Amino acid sequence: MLSFESDYIEGAHEKILQRLIESNMEQVTGYGADPYCESAKAKIKEACGNPDAEVHFLVGGTQTNMIVIHTMLRPYEGVVAARTGHVSLHEAGAIEAHGHKVLPLPQHQGKLRADDLQEYLEGFWQDENHEHMVFPGMVYISHPTEYGTLYSKKELEELAALCREYKLPLYMDGARLGYALASNNTDVTLPVIADLCDVFYIGGTKVGALCGEAVVFTRHNTPRHFMTMVKQQGALLAKGRLLGIQFDTLFTDNLYYKISRHAIEMAELLKKGFRHKGCRFYLESPTNQQFLIIEDAEAERLKANVVLSFWERTDETHAVYRFATSWATKREDVEALLTIM
């Protein structure tokens, strides 16, 4: 059975597993105060071109989004996001469960546009009843988006300028950040992100790690007692070394970029094959997620041999399905899929 269901269906890169085995019997301090975490933080700050950044390791994406948003917002504030943003749709109301409303705006192939954000912010402050409303407290974007699309440097600059004008932190969800950085169609680098975003995270779970996300606060803006609040939410890993070792490995010898690049190469191979087969694309994605419009009967035929990821319906007889490559995707699996299509 072939699977292109998601980019975290495999375990971890073998170099990570090897380092976990090699360090297994070492005795080190817990809760992220170990040498591996310190080394990983230093490497991440160097990669970001921001030696003053503050880095924290958390286990998963939803957990990270919830804690970052919860700790940075005041009780009466919400987070602005595209309607298709991960916090808007696929996090089971985690943000709202902790007392903060997601304030949805129109999406454009998954992206939030500066003109929509400006219109919303102007409208909020011009509303004479805004004291009775949820205040916009931060802006959330993801890169890549839920549709595999990317922000350009110019688009990020426009959002960042608007956020600074209104004194709102700009937060980037980087669950698949490696695949954005490795894309053929991007002018956005890690230092660019560190310069324009107030906080972002570097995804490990979907990019070669067993688990783990590295949160980067870029302007000495880590919420006070952040670690205490992480623990209060049950998210402080006692064996923090497990996260430190993984990110230290990913950021040694450009491994994070190399394995992300492999996913993009496999996605490009898949895309070329889909085009040759005459498949219908839902949109143009420059990253590891490709979206096809498939007729229901054809989808049922494919499911006999391929694990598919349903995305959304387009009409009564067709739906969008996602095909995701990853750091671990094998060329022979791509070729086998194309043979089946």
Side-chain angles (χ1 to χ4, degrees), residues 6 8 56-108 110-113 116-117 120-121 123-124 130-147 149 151 156 159-160 162-163 166-177 193 197-206 211-218 221-237 311-312:
S6 190
Y8 53 93
H56 298 268
F57 299 114
L58 292 171
V59 173
T62 296
Q63 176 196 67
T64 299
N65 285 334
M66 181 272 291
I67 289 174
V68 168
I69 291 169
H70 178 63
T71 57
M72 294 191 77
L73 292 185
R74 293 169 179 162
Y76 51 85
E77 291 178 329
V79 55
V80 179
R83 295 187 189 281
T84 51
H86 208 259
V87 295
S88 305
L89 289 179
H90 292 146
E91 292 194 328
I95 309 306
E96 289 87 349
H98 286 78
H100 298 286
K101 184 178 177 63
V102 176
L103 303 165
L105 292 187
Q107 61 89 18
H108 303 271
K111 293 192 284 187
L112 187 66
R113 284 207 315 217
D116 290 325
L117 178 59
Y120 165 73
L121 293 173
F124 176 85
H130 69 261
E131 289 288 351
H132 300 272
M133 299 159 64
V134 175
F135 279 61
M138 72 187 309
V139 174
Y140 165 98
I141 58 175
S142 57
H143 185 71
T145 70
E146 296 305 290
Y147 288 95
T149 53
Y151 287 91
L156 287 181
L159 286 171
L162 198 54
C163 285
Y166 282 88
K167 297 181 171 56
L168 299 174
L170 178 60
Y171 171 41
M172 177 184 286
D173 177 331
R176 295 182 169 90
L177 187 56
I193 292 168
C197 294
D198 298 279
V199 56
F200 66 97
Y201 78 86
I202 301 168
T205 301
K206 295 179 173 67
C211 60
E213 326 298 332
V215 182
V216 184
F217 292 95
T218 62
N221 57 337
T222 305
R224 291 185 63 205
H225 310 300
F226 183 71
M227 190 181 78
T228 303
M229 290 188 282
V230 169
K231 186 162 191 175
Q232 187 182 66
Q233 301 300 321
L236 185 61
L237 190 63
W311 213 245
E312 61 188 72

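Since the model is a prediction, treat every value here as computed from it, not as a measurement.
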Exercise. Is the shortest heavy-atom distance from the side chain of I193 to the side chain of L177 under 4.5 Å?
Worked result: yes
For this session: Identify the two heavy atoms, one from V80 and one from L105, that lie closest to each other, and give their separation to 0.1 Å.
Result: CG1-CD1, 3.5 Å
Exercise. What is the distance from atom NZ of K111 to atom CG of L156, rounded to the nearest 0.5 Å?
Worked result: 9.0 Å
Exercise. Considering all heavy atoms of both residues, which atom of G137 and which atom of P169 are nearest to each other, and what is their separation?
Worked result: O-CD, 3.2 Å
Exercise. Are any of the side-chain heavy atoms of V102 and E96 separated by less than 4.5 Å?
Worked result: yes
For this session: Supply the atom-to-atom distance K101 NZ to M133 CE, rounded to the nearest 0.5 angstrom.
Result: 10.5 Å
Problem set entry | Contacts of type ring-ring contact (aromatic ring centres under 6.0 Å, His included), residue Y171, not counting sequence neighbours | Y140
Exercise. Who pairs with E77 by side chain to side chain contact (heavy atoms under 4.5 Å, CB included), at least two apart in sequence or on another chain?
Worked result: L73, R74, F135
Exercise. Can you list the residues that meet the side-chain hydrogen bond (donor to acceptor under 3.5 Å, both in side chains) rule with N221, with sequence neighbours excluded?
Worked result: none
Exercise. Rounded to the nearest 0.5 Å, how far does CD1 of I69 lie from CD1 of I95?
Worked result: 3.5 Å
Exercise. Residues two or more places apart in sequence or in another chain: which of them pass side chain to side chain contact (heavy atoms under 4.5 Å, CB included) with S6?
Worked result: Y8, I9, R176, R322
For this session: Compare every heavy atom of L58 with every heavy atom of A235, then report the nearest pair and how far apart it is.
Result: O-CD2, 3.9 Å
For this session: Apply side-chain contact (heavy atoms from CB on, under 4.5 Å) to L159 and Y151, showing your working.
Result: CA-CA 10 Å; L159 286 171; Y151 287 91; 3.7 Å; yes
Exercise. So do H100 and V79 actually touch side chain to side chain, heavy atoms under 4.5 Å?
Worked result: no
For this session: Enter the distance from H108:NE2 to Y147:OH here, rounded to the nearest 0.5 Å.
Result: 13.0 Å
Exercise. Mind checking whether R83 and S88 have side chains closer than 4.5 Å, heavy atoms only?
Worked result: no
Problem set entry | Counterpart residues, side-chain hydrogen bond (donor to acceptor under 3.5 Å, both in side chains), relative to T62 (two or more places apart) | E91
Seminar exercise, completed: One should read off an interatomic distance between H70 NE2 and H98 NE2, to the nearest 0.5 angstrom, of 6.0 Å
Seminar exercise, completed: Heavy-atom closest pair (A81 atom, L112 atom, distance to 0.1 Å) is C-CD1, 4.3 Å
For this session: For the residue pair L168 and L121, establish whether any side-chain heavy-atom pair is separated by less than 4.5 Å.
Result: yes
Problem set entry | ring-ring contact (aromatic ring centres under 6.0 Å, His included) involving Y120 - partner list, sequence neighbours excluded | none
Per-pair distances, 0.1 Å, donor-acceptor, side chain in residues 197-206, under 3.5 Å, sequence neighbours excluded:
| unit_1 | atom_1 | unit_2 | atom_2 | d |
| --- | --- | --- | --- | --- |
| D198 | OD1 | R219 | NE | 2.9 |
| D198 | OD2 | L170 | N | 2.8 |
| Y201 | OH | D173 | OD1 | 2.8 |
| T205 | OG1 | G212 | N | 3.2 |
| T205 | OG1 | E213 | OE2 | 2.5 |

For this session: Would you please name every residue forming a side-chain hydrogen bond (donor to acceptor under 3.5 Å, both in side chains) with H130, sequence neighbours left out?
Result: none
Exercise. Could you give the distance from CG (L103) to CG (L117), rounded to the nearest 0.5 Å?
Worked result: 11.0 Å
For this session: Would you please test T222 and H56 for side-chain contact (heavy atoms from CB on, under 4.5 Å) and show each step?
Result: CA-CA 10 Å; T222 305; H56 298 268; 3.7 Å; yes
Seminar exercise, completed: The side chain to side chain contact (heavy atoms under 4.5 Å, CB included) partners of H90 (sequence neighbours excluded) come to H86, E146
Problem set entry | ring-ring contact (aromatic ring centres under 6.0 Å, His included) involving H143 - partner list, sequence neighbours excluded | none
Exercise. In chain order, what residues pass the side chain to side chain contact (heavy atoms under 4.5 Å, CB included) check against M227, with sequence neighbours excluded?
Worked result: L236
Problem set entry | Any residue meeting side-chain hydrogen bond (donor to acceptor under 3.5 Å, both in side chains) with T149, in chain and number order, not counting sequence neighbours | T145
